[in-house]
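Below is one structure, written out as structure tokens; the observations come after it.
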Amino acid sequence: MIFSKSSGVADSIYGKSQEPIRAIIEKGVEAFEEQSQIKNIFCMEKSRNFAEKYVIETSLGDFENVGENGAYPKTSMREGYSKTIEPATWKSSFEVTQEMVEDAKYGKIKSRAGIFTTSYGRTREKFAAALLAGGTGKTVAIGRSLYDATSADGAPLFSTAHPSITGGAQEQSNLFAGAFSAEVLDTVQEKMQDFTDDDGNLLNLAPDTILIPNVGSLKRAVFAAVGSEKDPESNSNALNFQMGLWNVIVWPYLPKTIGGKPYFMLMDSRFKDDYLCLPFVERTPLTVKSDIDPNTDANIWRGRARFTAGFNNWRCIALCGEGVSGTSLT
């Protein structure tokens, strides 16, 4: 027999445990999401479907000088590469023993509820960070599952050979080899500003975010490069034009190295959101339910959510590191 809240015969149990636990779980999830970096890196998408399809469209041609009373030239655009992302189902559970309820061990109950919400938030952060850092390959193994790390064009998110669907542009690279320095930052920024669409048109990218793992020496180098008014790598009085241009995100859930060496990423946050480049799809938020285990009388709490992430348009982001097989910057 399973006693539930709706049965009306277990009020003494649920009245002492369920409501406080539910409140703690909901509050804990909200608090963790406020501190989450996922929303600053991915495009947060709410979904009501089993999957979402993202499509890149090519641009229109240029305006033409047609002279006096000239006819309107016809230009066209076409569907580019597309990516379908299907949310996965995530579950976890914990229990509150009947003895805890009887002995009013509210501190222990609260502690377990807090651990549960932390586990949910940590799972999302670890998943998103591992997927992003694994974008140098076509797939990423996270836990017991394998996830797609390709962008819509079929190449890894970070690749030296992103193709054009129209053939109007040469293969492009957003994966570069090199150790962080002010000069390397300048060069990767320039490379991103030169990204084009599939027809070879400049996209006017303006990278504004530096994303790095929690590595002390790398943090010092990055903040020195973007936080000094003068050239940080010489004794000259040259103006450091990088100062004030960047939002630096230190994401502790990122692996500290790729290929055994430090790395950094540059991102255009406006382009990322405008073109839905890195969607994080939430189908079902965390829902919590409970029942009584008839064998142990324990109050079992179960949490379920559906979400996933994927990569659509690679042009919003670039990765540079010493340990990757990327395009040389020299």
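Please read these numbers as outputs of a predicted model, since none were measured by experiment.
- The heavy-atom pair separating K261 from G323 by the smallest distance is CB-N, 3.4 Å.
- Here the closest non-hydrogen pair linking G67 and N65 is N-OD1, 3.1 Å.
- Connection of F42 to F271 is established within a shared hydrophobic cluster, with ILVMFWY side chains joined at heavy-atom distances below 4.5 Å, either directly or through further cluster members.
- A ring-centre distance under 6.0 Å is found for F195 and W314.
- Among all heavy-atom pairs drawn from G326 and A177, the shortest one is O-CB, 3.8 Å.
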Discussion item. side-chain hydrogen bond (donor to acceptor under 3.5 Å, both in side chains), that's the test. Do D208 and S269 meet it? Break it down for me.
Written reply: CA-CA 7 Å; D208 58 1; S269 61; 2.7 Å; yes

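- I85 and I41 are members of different hydrophobic clusters when ILVMFWY side chains are connected at heavy-atom separations under 4.5 Å.
- A cation-pi arrangement is found for R124 relative to F307, the charged atom lying closer than 6.0 Å to the ring centre and inside a 45° cone about the ring normal.
- In the hydrophobic clustering of ILVMFWY residues, with side-chain heavy atoms under 4.5 Å counting as a link, V281 and I38 come out apart.
- Under the 3.5 Å distance criterion, with hydrogens and angles disregarded, a donor-acceptor pair is assigned to the side chains of N40 and Q37.
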Worksheet item: L266 and L185: side-chain contact (heavy atoms from CB on, under 4.5 Å), yes or no, with the steps?
Response: CA-CA 9 Å; L266 298 189; L185 173 63; 3.8 Å; yes

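- Q189 is listed as a side-chain neighbour of W246, based on a closest heavy-atom distance under 4.5 Å.
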Worksheet item: T89 and K91: side-chain contact (heavy atoms from CB on, under 4.5 Å), yes or no, with the steps?
Response: CA-CA 7 Å; T89 300; K91 293 182 178 180; 4.1 Å; yes

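- For the pair T123/W90, a side-chain contact is recorded, criterion being any heavy-atom separation below 4.5 Å from C-beta on.
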Under 3.5 Å, side-chain donor or acceptor atoms of residues 211-219 against the rest of the protein: list the pairs with distances, not counting sequence neighbours.
unit_1, atom_1, unit_2, atom_2, d
N214, OD1, K219, NZ, 2.8

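- Considering only heavy atoms from C-beta on, T196 stays 4.5 Å or farther from D194 through its side chain.
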Item to complete: Start with the C-alpha gap between S47 and N49, add the side-chain angles, then the distance that decides, and say whether side-chain hydrogen bond (donor to acceptor under 3.5 Å, both in side chains) holds.
Response: CA-CA 6 Å; S47 174; N49 306 307; 4.6 Å; no

Residues 126-147, side-chain donor-acceptor partners within the protein, below 3.5 Å, at least two apart:
none

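- Between R315 and D198, at least one side-chain nitrogen of the basic residue sits less than 4.0 Å from a carboxylate oxygen of the acidic one, meeting the salt-bridge criterion.
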Item to complete: Test side-chain contact (heavy atoms from CB on, under 4.5 Å) on I300 and I292 and set out the steps.
Response: CA-CA 6 Å; I300 309 297; I292 300 298; over 6 Å; no

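- The pair K83-D148 counts as a salt bridge, with a side-chain nitrogen and a carboxylate oxygen less than 4.0 angstrom apart.
- Taking all atoms of both residues into account, the shortest heavy-atom contact from Y81 to A152 is CB-O, 3.3 Å.
- In this structure, P156 and H162 approach most closely via the heavy-atom pair O-CE1, 3.1 Å.
- Around CD of Q170, the count of heavy atoms belonging to other residues, nucleotides or ligands within 6.0 Å does not exceed 12.
- By the 4.5 Å heavy-atom criterion applied to side chains, T187 and V184 are not counted as neighbours.
- Here the CE-CG distance, from M192 to L203, works out to 10.5 Å after rounding to the nearest 0.5 Å.
- Side-chain contact, S173 with T160: no donor N or O sits under 3.5 Å from an acceptor N or O.
- Put simply, the side chain of L157 reaches to within 4.5 Å of the side chain of I317, judged on heavy atoms.
- Looking at R270 and D274, a side-chain N of the basic residue comes within less than 4.0 Å of a carboxylate O on the acidic one, giving a salt bridge.
- With rounding to the nearest 0.5 angstrom, the CG atom of N313 is 8.5 Å from the CG atom of L278.
- The closest side-chain heavy-atom distance from K289 to T287 is not below 4.5 Å.
- The minimum heavy-atom distance linking C277 with C43 is given by the pair N-SG, 3.8 Å.
- Counting only heavy atoms from C-beta outward, the side chains of R122 and Y253 approach each other to under 4.5 Å.
- Between R283 atom CZ and F50 atom CZ the span is 11.0 Å, to the nearest 0.5 Å.
- Between K39 and F280, every side-chain heavy-atom pair lies at or beyond the 4.5 Å cut-off.
- Among pairs with a residue in residues 250-260, none fulfils salt bridge (charged side-chain N to carboxylate O under 4.0 Å, His left out), at least two apart in sequence or across chains.
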Item to complete: Go through Y263 and V324 one step at a time and tell me if the side-chain contact (heavy atoms from CB on, under 4.5 Å) criterion holds.
Response: CA-CA 9 Å; Y263 63 97; V324 300; 5.7 Å; no

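- Hydrophobic clustering (ILVMFWY, side-chain heavy atoms < 4.5 Å, transitive): M267 and V188 are in one cluster.
- Clustering ILVMFWY residues whenever any of their side-chain heavy atoms sit less than 4.5 angstrom apart, transitively, puts L276 in a cluster other than the one holding I165.
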